[in-house]
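I have placed the structure first, in the form of structure tokens, so that the comments after it can refer back to it.
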2 protein chains.
Amino acid sequence: MIVIRALVLENGEILLKEVEMPDLQPGEVLIRVNLAGICSTDLEMTRGYIPFSGILGHEFVGTVEKDPLGELEGKRVVGEINIGCGDCYYCRKGIKNHCQERRVLGIRQRPGAFAEFLALPRENVFPVPEVITNEEAVFTEPLAAGFQVLEQVHIPPSCSVAVLGDGRLGLLLAMVLVESGLQPVILGHHRDKMEVVASLGIKGFIAEDFGDKVDFVIECTGKTNGLQLAQELVSPRGTIVLKSTVKGKISLDMASLVTGEITVVGSRCGPFPPALRLLKGKSLPLEKMVEKKFPLSRGREGVKYASRKGVKKVVLEISG
Amino acid sequence: MIVIRALVLENGEILLKEVEMPDLQPGEVLIRVNLAGICSTDLEMTRGYIPFSGILGHEFVGTVEKDPLGELEGKRVVGEINIGCGDCYYCRKGIKNHCQERRVLGIRQRPGAFAEFLALPRENVFPVPEVITNEEAVFTEPLAAGFQVLEQVHIPPSCSVAVLGDGRLGLLLAMVLVESGLQPVILGHHRDKMEVVASLGIKGFIAEDFGDKVDFVIECTGKTNGLQLAQELVSPRGTIVLKSTVKGKISLDMASLVTGEITVVGSRCGPFPPALRLLKGKSLPLEKMVEKKFPLSRGREGVKYASRKGVKKVVLEISG
């Protein structure tokens, strides 16, 4: 038995453990993980957002170690995280993200990326163009989640758009919107974050100080009451896109959505090709987005560090 | 001073009172009310859904008694219920329904239609084609509210659609969808209502017995927890249109909207022209929709009757 090291979530505790090397199923490739990003969803999972037990992590860049078809071996890759059953109504419609039996890398019934190796179906894997560094490629998954907003919602050029939340996802989402020709503002809570926002060439405001109503509010608060905060900002007939996956319930006045004719759109994982295209353009100031790197051996510390307020992306350096 | 009789809401009580004849403001016409429909929103207002004090009622058909321009005098008309300030951002954009200073007939800062006379701006008034009876025309406003769903949301022909709620609005909305080429099912709660549903040529099911997921759920429950009931029925990536304006809050798990990538659309008042066009076609079995008529003098009794479970449309007969 070959063993590998991994960060495992067990009963809300994160442990560095030795686990079995993943067994390749038909159609899968084996990937040696180079870098893995810590996402707010990972942190939320340690708080019990989803019942999950196993290797955490779903943002990564790696190198294909073994491909039964040979083709991908040695290639640097990133990977989409939803694995459908392949056979149900949703999979046959091409939306495996909504397969009811889906497994999700490091989130649902599938060991994740905070490990020396992981296995993924070939169809989930995308080669990374050479010009993209590992430090950039590790942002593919959250950038794709940003693009999902534009897959679901058309934001006309004349409309106002605000990203609510100045955290990791909020900043990346604003970058995606800017690169898509829009002019978002970021509405945040941390005065010291406003400098980072300005350095990205984006206008930032403290949400409470922002007096205007906005046609499109992209909610990236990571807070249970994100919808309520967004409702205070959105125009009548406006649209709120919800991106936060957090545990907990809110108290909602349904009639306020009816009276304002507000649209609320839940939005999850997105398409990798536009994210890789964007990274290839080398226009994103992603070096400003990485706060700190930790080796896998200090992964517990890394997760703890990532959960501090106002911290940017924390990355696990797993193999060179 | 000329006085007229009206049903007035005061501190949650409905009283038959003598009130002053409305004074015409510039641009307004005076309408003698023939029939007025009692809507669930009226009932909800007696329960304090909106703080309102004054003449209730917003569904009506009447005859123009006085038009300073002469043109409309003697014509049978129906009328849109939102009156914008005419000068704000929303009014200039043509969406007076969302003017922040709007007055709404019998709902917000404007005396309503449960009266012998009412005043409305000329631009709100639509002549009723002769072929449409008063008993049909009184349904124009709720039918328009049904059409608003299709103004806001595109329902592709291959998608499944359910109207959740077998009450007055639910049945009318299902009729609008059928006449728009769709094949809705009605998901209700009252077994005895299923006969009425079948007599409209629409398939009806008790909501709890309905096993399938639906792409579009049009929520017409009139219940505080309508959104939750709709969430149980909607497919991943599906759309819920909220029509109920009810008092009260619900507890909502925001993450469930994100994970399912559900869209929720609040929907209120709608356009009168397609509703009148539909009525003109004489294809709607509206005679099945009127439960009982009351004269204005027995209006209190009428409102009480309309709030009984499973009752269809109750109409006030105000002038011949």
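Around CG of A/Asp209, the count of heavy atoms belonging to other residues, nucleotides or ligands within 6.0 Å exceeds 12. Counting non-hydrogen atoms of neighbouring residues, nucleotides and ligands closer than 6.0 angstrom, the CD atom of A/Glu10 exceeds 12 such neighbours. At most 12 non-hydrogen atoms from other residues, nucleotides or ligands lie less than 6.0 angstrom from CD of A/Glu101. The neighbour count for A/Glu151 CD, taken as heavy atoms of other residues, nucleotides or ligands under 6.0 Å away, is above 12.
With rounding to the nearest 0.5 Å, the separation of OG1 in B/Thr263 from CG in A/Leu242 is 10.0 Å. Annotation: the span from A/Leu257 atom CG to B/Thr245 atom OG1 amounts to 12.5 Å, rounded to 0.5 Å. If you take OH on B/Tyr89 and NZ on A/Lys213, they are separated by 13.5 Å, rounding to the nearest 0.5 Å. Going from atom OG of A/Ser235 over to atom CD1 of B/Ile95 covers 8.5 Å, rounded to the nearest 0.5 Å. For the atom pair A/Arg237 CZ and B/Gln152 CD, the distance stands at 6.0 Å (nearest 0.5 Å).
Contact count versus chain B (heavy atoms, under 4.5 Å) is highest, among A/Val265, A/Ile262, A/Ile250, A/Thr239, for A/Ile250. Ranked by heavy-atom pairs under 4.5 Å with chain B, the first of A/Asp253, A/Thr259, A/Leu227 is A/Thr259.
Side-chain contact between B/Lys249 and A/Met254: absent, with no pair of heavy atoms (C-beta onward) separated by less than 4.5 Å.
Minimum heavy-atom separation, B/His98 to A/Pro236: ND1-CB, 3.4 Å. Nearest heavy atoms, B/Val246 versus A/Ala255: O-CB, 3.5 Å.
If you measure heavy-atom distances from A/Lys247 to chain B, you find no contacts under 4.5 Å at all. In this structure, the portion of B/Arg102 lying under 4.5 Å from any heavy atom of chain A is its side chain and not its backbone.
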